[in-house]
**Student:** 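Here it is: the structure, laid out below.
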There are 2 protein chains.
Amino acid sequence: MDFLDAIKWDADGLVPVIAQEATTQDVLMFAFMNREAVQETVKRGEAVYWSRSRKRLWHKGEESGHLQKVHEMRLDCDNDVLLLKVTQLGHEPGIACHTGRHSCFFQKLEDGVWKTVEPVLKDPESIYK
Amino acid sequence: MDFLDAIKWDADGLVPVIAQEATTQDVLMFAFMNREAVQETVKRGEAVYWSRSRKRLWHKGEESGHLQKVHEMRLDCDNDVLLLKVTQLGHEPGIACHTGRHSCFFQKLEDGVWKTVEPVLKDPESIYK
């Protein structure tokens, strides 16, 4: 069986994807892929997601240059979630978030309040022209 | 504003949750929480998910004893995904997966085939009586 057929796609033909940085092990972001996006990711060795807002394939970093080199792809026990081990390219340290931060998970719950605990590494206005 | 109101719940009133082991940084599992589950998680300091199959709150480890102590809760840039830093209790090394494995992400794509790359640490039949 094709490895794509093993994936349990949701009602919209998508699968949730967690991207984790290979070196730091930081969880960088969460997104979705459709069948074509998974195929493209494997073919290119770079993360290609499905943008639900733009309703099209989204080659991560296509605008920002912050591509994700994919080292490893994993599937969970229910065959319905993917985990990628990636290198976040284009900036050091890597910028995965559209806010210019390292990781999308920069809001930490502290005493009942979400606090921003990661700095903006690069102004988003200079990332997206 | 209540921190629960900051979360963007999906059409079913749920939010996806990634559980990451605090020590190893391994991504252990992926699940969902509703509003009450997030509240309970914060109150108890242990992960309480929403089981979509059983349609009820699911205090992780309630049957297996493999509770997840929660050290940290993070929210992503779109306010619609949670990341937990946890200690997986009840076995050493921790067992997060219902198959008796450390992590749910034990299937690795190798040459176009999903290969099981993590051992069963404990027979599920002895975990769930």
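Every chain is numbered from 1, with letters handed out A, B, ... down the list of sequences. Predicted, not measured: the structure shown is a model, and the values here were computed from it. Values below: every heavy atom of this structure, side chains too, minus hydrogens, waters and symmetry copies.
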**Student:** Please say whether the positively charged group of R101(A), taken as NZ for Lys or CZ for Arg, lies over the ring of F106(A), i.e. under 6.0 angstrom from the six-membered ring centre and within 45 degrees of the axis.
**Tutor:**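 Pair R101(A)/F106(A) counts as cation-pi.
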**Student:** Heavy-atom distance under 4.5 Å to chain B: side chain of I18(A), backbone, both or neither?
**Tutor:**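 Side chain of I18(A) only, per the 4.5 Å heavy-atom cut-off to chain B.
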**Student:** Examine whether an atom of E118(A) lies under 4.5 Å from a heavy atom of chain B, and if so say whether it belongs to the side chain, the backbone or both; otherwise answer neither.
**Tutor:**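 Side chain only.
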**Student:** Could you walk me through whether Q25(B) and K85(B) pass side-chain contact (heavy atoms from CB on, under 4.5 Å), step by step?
**Tutor:** CA-CA 8 Å; Q25(B) 298 263 77; K85(B) 295 286 183 108; 3.1 Å; yes
**Student:** Under 4.5 Å heavy-atom distance to chain A, tell me which part of L83(B) shows up: side chain, backbone, both or neither.
**Tutor:**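 The answer is both parts of L83(B).
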**Student:** Could you walk me through whether W58(B) and Y49(B) pass the ring-ring contact (aromatic ring centres under 6.0 Å, His included) test, one step at a time?
**Tutor:** CA-CA 5 Å; W58(B) 158 41; Y49(B) 299 101; 5.3 Å; yes
**Student:** Taking side chain as everything from C-beta outward and backbone as N, CA, C, O, which of these in S103(B) sits under 4.5 Å from a heavy atom of chain A? Side chain, backbone, both or neither.
**Tutor:**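 The answer is neither part of S103(B).
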**Student:** When rounded to the nearest 0.5 angstrom, what distance separates CD in E62(A) from CG in L57(A)?
**Tutor:**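 The CD atom of E62(A) sits 9.0 Å away from the CG atom of L57(A).
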**Student:** Is it the side chain or the backbone of F30(B) that comes within 4.5 Å of chain A heavy atoms, both, or neither?
**Tutor:**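 Only the side chain of F30(B) comes within 4.5 Å of chain A.
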**Student:** Which pairs count as side chain to side chain donor-acceptor pair (under 3.5 Å) when at least one residue sits in residues 27-36 of chain A, sequence neighbours excluded?
**Tutor:**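 Matches after skipping sequence neighbours: D5(A)-R35(A).
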